[in-house]
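Just so you know, residue 1 is the first one in the sequence shown, and it goes up from there.
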Amino acid sequence: MRYGIQFPPIGAGLRRDSRRLALRLLALLLFALTPDSASAQENPYRVKAAFLRNFAHYVGWPSQALPDNGSPWCIGILGPDPFGEILDDTLRGRSEQGRGFRIVRAERLAELPLCQLVYIGYTEASQRRQALAELRNKPVLTVGDAPEFLTEGGVIGFIVDERVGMNINLDQARAVSLTIQTKMLEVSSGVLFNGALRRMR
């Protein structure tokens, strides 16, 4: 099911049963993402790399944004690469929906080929905003770490505390025809929807 989630009014708390269900779904999703669960105590980038791999399972792209049958998913790392060999090790020999993975690293957006997912590693806000502005109308899943990432136009922003979590900009996802499964929305910390951030947990 996609986009089936019903958001409570802003300021209203989730019912106890809904909260328990969300926590159960979170555990299931996180254990599916990485055998070490989603603990950030060891190396959060190992967990983030597992998230990037699984986004290819939980997110849908319009057909024109996908490579030819059998071609790998393209994950672009734009700017400084915080993953190092972790991402390569995580994706080596893995596949989603019958496609392997290809990683491309670039300092400038113009140097990237067509990618379905772009992790934006810029720490400078101006660089990050410029890249997001250029990608704003393209069916690309943009992912980043900056606290302002969603309000700048990114689709998924990572959060790191005791565990690695995420906020999702559903408005931007819909604007570029990306579909995000309800399960993924329910286990996020927050969803930006109709211009307002709804807290999910």
Are the side chains of Q130 and L109 in contact, using a 4.5 Å heavy-atom criterion?
no
Is the shortest heavy-atom distance from the side chain of I168 to the side chain of L185 under 4.5 Å?
yes
Please round to the nearest 0.5 Å and tell me the distance separating atom CG of D81 and atom CG of D88.
8.0 Å
Test item: E96 and F55 side chains (from C-beta on) under 4.5 Å apart, heavy atoms
no
Is it possible for you to say whether L132 and L114 belong to one hydrophobic cluster, with membership spreading through side-chain heavy-atom contacts below 4.5 Å?
no
Salt bridge present between D89 and R46 (N-O < 4.0 angstrom)
no
Would you kindly check if the NZ (Lys) or CZ (Arg) of K48 is within the cone defined by 45 degrees around the ring axis of Y45 and under 6.0 Å from the six-membered ring centre?
yes
Just so I know, are the side chains of V155 and V143 near enough to count as touching, which here means a heavy-atom distance under 4.5 Å?
no
Relative to each other, are the rings of F83 and Y119 parallel, tilted or perpendicular (30° and 60° limits)?
perpendicular
For residues V191 and N167, determine if any side-chain heavy atom of one lies less than 4.5 Å from a side-chain heavy atom of the other.
no
Ion pair present between R129 and E148, side-chain N to carboxylate O less than 4.0 angstrom?
no
Please report the interatomic distance SG(C115) to NZ(K138), rounded to the nearest 0.5 Å.
11.0 Å
Residue pair R105, E111: steps toward the salt bridge (charged side-chain N to carboxylate O under 4.0 Å, His left out) verdict:
CA-CA 9 Å; R105 297 170 171 89; E111 298 168 356; over 6 Å; no
Test item: F149 and R128 side chains (from C-beta on) under 4.5 Å apart, heavy atoms:
yes
Considering only heavy atoms from C-beta outward, does the side chain of L91 approach that of I103 to under 4.5 Å?
yes
Are I159 and Y58 connected in a single hydrophobic cluster, I mean Ile/Leu/Val/Met/Phe/Trp/Tyr linked by side-chain heavy atoms less than 4.5 Å apart?
no
Less than 4.0 Å between a side-chain N and a carboxylate O, is that true for K183 and E186?
no
R102 versus P113: any side-chain heavy-atom pair under 4.5 Å?
yes
